[in-house]
Amino acid sequence: MSEATKRKIVTQEVVHGNVALQKGQYIVKVVESKGNNLFSVEEETSHVTLCSMPPKFRKNVWIKRGDFLIVESIKEGKKVTCEMVHILYPPQIQDLKSDHLWPARFNESEVTKPSDDVTKKSFTKYRSTKPVVSDDSEDSDDSLEENVNQRNRPVVYLSETDSESD
């Protein structure tokens, strides 16, 4: 079986598969990604532990903070105590809630996603703003917007008069 076919099968199984909790499986919420296919997850009891992603999911499915997973305990693990079995998407979460299998703790902490209208309006508003372009021939940083993807770092300006004092 080719790599593309395996990826397609795994993706379809995750997105469209029916979910049922087996013996020894439980639901957790992803707190953060630790890297190297390890995730910090929160159990129903508020205990935070590490969860590993099996090779069949790697490079096929992506997980972000706030997602819900079905995991299975690992007996030989000391730091990594569980392994991911299934990634839960909203329709599967609704099925678990209707079957009364959803943990009560996660009902209150469920993140509501913004509606498409709000997202489209904010995106349109952002795109409609035009950047300020100055006609000056000098290079000026005054017209540059702040990069919101970077943490606030101190800005150091060097003056040209100090460097030519020889």
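None of these values were measured; they are calculated from a predicted model.
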* Measure centre to centre between the rings of W102 and F68, then say whether the value is under 6.0 Å. =>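 Close enough - the centres of the two rings lie under 6.0 Å apart.
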Using the rule that Ile, Leu, Val, Met, Phe, Trp and Tyr join whenever any side-chain heavy atoms are under 4.5 Å apart, tell me whether [X] and [Y] fall into a single cluster.
| X | Y | result |
| --- | --- | --- |
| M53 | L38 | no |
| V30 | V80 | no |
| V71 | V61 | yes |
| F106 | V31 | no |

Once rounded to the nearest 0.5 Å, what's the spacing between atom [atom1] of [X] and atom [atom2] of [Y]?
| X | Y | atom1 | atom2 | result |
| --- | --- | --- | --- | --- |
| S73 | E83 | OG | CD | 11.0 Å |
| I27 | L21 | CD1 | CG | 5.0 Å |
| I87 | I70 | CD1 | CD1 | 10.5 Å |
| L69 | F57 | CG | CZ | 9.0 Å |

* Asked: Does the side chain of Y26 reach to within under 4.5 Å of the side chain of E72, using non-hydrogen atoms?
  ->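 No; the side chains remain at least 4.5 Å from each other.
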* **Closest contact, heavy atoms only, S98 versus D95** =>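 It is OG-O, 2.8 Å.
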* Do you know which two heavy atoms are closest between D67 and I63, and how far apart they sit? ->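 Nearest heavy atoms, D67 then I63: OD2-CA, 3.8 Å.
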Distance-only criterion, 3.5 Å: show the donor-acceptor pairs between side-chain atoms of residues 41-52 and protein atoms not counting sequence neighbours.
unit_1: E42; atom_1: OE2; unit_2: R105; atom_2: NH2; d: 2.2
unit_1: S46; atom_1: OG; unit_2: R105; atom_2: NE; d: 2.7
unit_1: S46; atom_1: OG; unit_2: R105; atom_2: NH2; d: 2.9
unit_1: T49; atom_1: OG1; unit_2: T81; atom_2: OG1; d: 2.5

* Asked: Are there more than 12 heavy atoms of other residues, nucleotides or ligands under 6.0 Å from atom CZ of R58?
  ->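 Result for CZ/R58: enclosed.
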* To do: Test side chain to side chain contact (heavy atoms under 4.5 Å, CB included) on L96 and Q94 and set out the steps.
  => CA-CA 5 Å; L96 288 171; Q94 291 300 324; over 6 Å; no
